[in-house]
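Below you'll find the structure, written out as structure tokens, and then a few comments.
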Amino acid sequence: MSNILVINSSAAGKDSVSRVLVADAVTKLLGTNPAARITHRDLGENPPPHLVSQTLNGVRGTAATDQEFAARRLSDELIAELKAADTVVIGAPMYNFSVPTTLRAWFDHVLRAGVTFKYVDGAVHGLLAGKRVIVIESRGGLYSEGPAQAIDFQEPYLRHLLGFVGITDVTFVRAEKIGYGPEARTAALESAKTQISDAVDTPLVKAA
Ligand SMILES: Cc1cc2nc3c(=O)[nH]c(=O)nc-3n(C[C@H](O)[C@H](O)[C@H](O)COP(=O)(O)O)c2cc1C
């Protein structure tokens, strides 16, 4: 049975660019695999809390208090969802040149030494290999070419975080120039939908 984990992180409602495109990706993935099981994790509606002094040890140390155990349970739950998935779709709008803090908080709960990555002879070894990820990037401006390429802290960051846990089969779908007016927005959505079709038609690259 195939499992698809669907993560949204837009703070905007259902018509947000990334949410529309995430839904499009899910529809297309189900078209190729109608029996796939879908798990939704909406970080925009229900964000994981920031790690704070009362909870940090639950995720990055040894839990001892109720709050730390609660943080550990959430971390376990988020990791279990990710581990169970063979395909992950992530809606990741660009916020202040990077990702929404809700998505960052999700990574803070999911990147756990000994659970999703470990060090072997001083080198990091990701423990979640063999998954494919489609990241939907919605952006007000243009970052895939031109002078703003250097201030794209969204795509390289996501590529690094996913690679850190061993996920290297990542397709980035870019919906750019959303802030350039209605025509640019429509063109960006159409282009992104074509990118999604191409991604869904591409077979999973099995880890060596
Ligand atoms: C808090 C916030 C910060 C943003 N920062 C950027 C930015 O740094 N660069 C950019 O090109 N667009 C930025 N935008 C525009 C969004 O990337 C764009 O509206 C995108 O469509 C949002 O995705 P969504 O429609 O799925 O919510 C920002 C939007 C918000 C709400």
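Order of appearance sets the numbers: ligands from 1, and atoms from 1 within every ligand. It should be emphasised that the depicted structure is a prediction, and the values quoted were computed from it without experimental measurement.
- Residues forming a side chain to side chain contact (heavy atoms under 4.5 Å, CB included) with S98 (at least two apart in sequence, or on another chain): F153, Y157.
- Side-chain contact of S197 with K28: a donor-acceptor pair under 3.5 Å is present, judged by distance alone.
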Please report, to 0.1 Å, the donor-acceptor pairs under 3.5 Å made by any side chain of residues 179-189, with sequence neighbours excluded.
{"unit_1": "R185", "atom_1": "NH2", "unit_2": "D15", "atom_2": "O", "d": "3.4"}
{"unit_1": "T186", "atom_1": "OG1", "unit_2": "P182", "atom_2": "O", "d": "3.0"}

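- Atoms OG1 and CG, on T171 and D169 in that order, are 6.0 Å from each other to the nearest 0.5 Å.
- At a 4.0 Å heavy-atom cut-off, the residues surrounding ligand 1 are S10, A12, S16, V17, S18, P93, M94, Y95, N96, F97, S138, R139, G140, G141, Y143, I178, listed by chain and number.
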Anything under 3.5 Å between a donor and an acceptor, one on a side chain of residues 114-123, the other on a protein residue two or more places apart or in another chain? List them.
{"unit_1": "T116", "atom_1": "OG1", "unit_2": "V110", "atom_2": "O", "d": "2.8"}
{"unit_1": "T116", "atom_1": "OG1", "unit_2": "R112", "atom_2": "N", "d": "2.9"}
{"unit_1": "T116", "atom_1": "OG1", "unit_2": "R112", "atom_2": "O", "d": "3.4"}

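- Using a 4.0 Å cut-off between charged nitrogen and carboxylate oxygen, D42 and R19 count as a salt-bridge pair.
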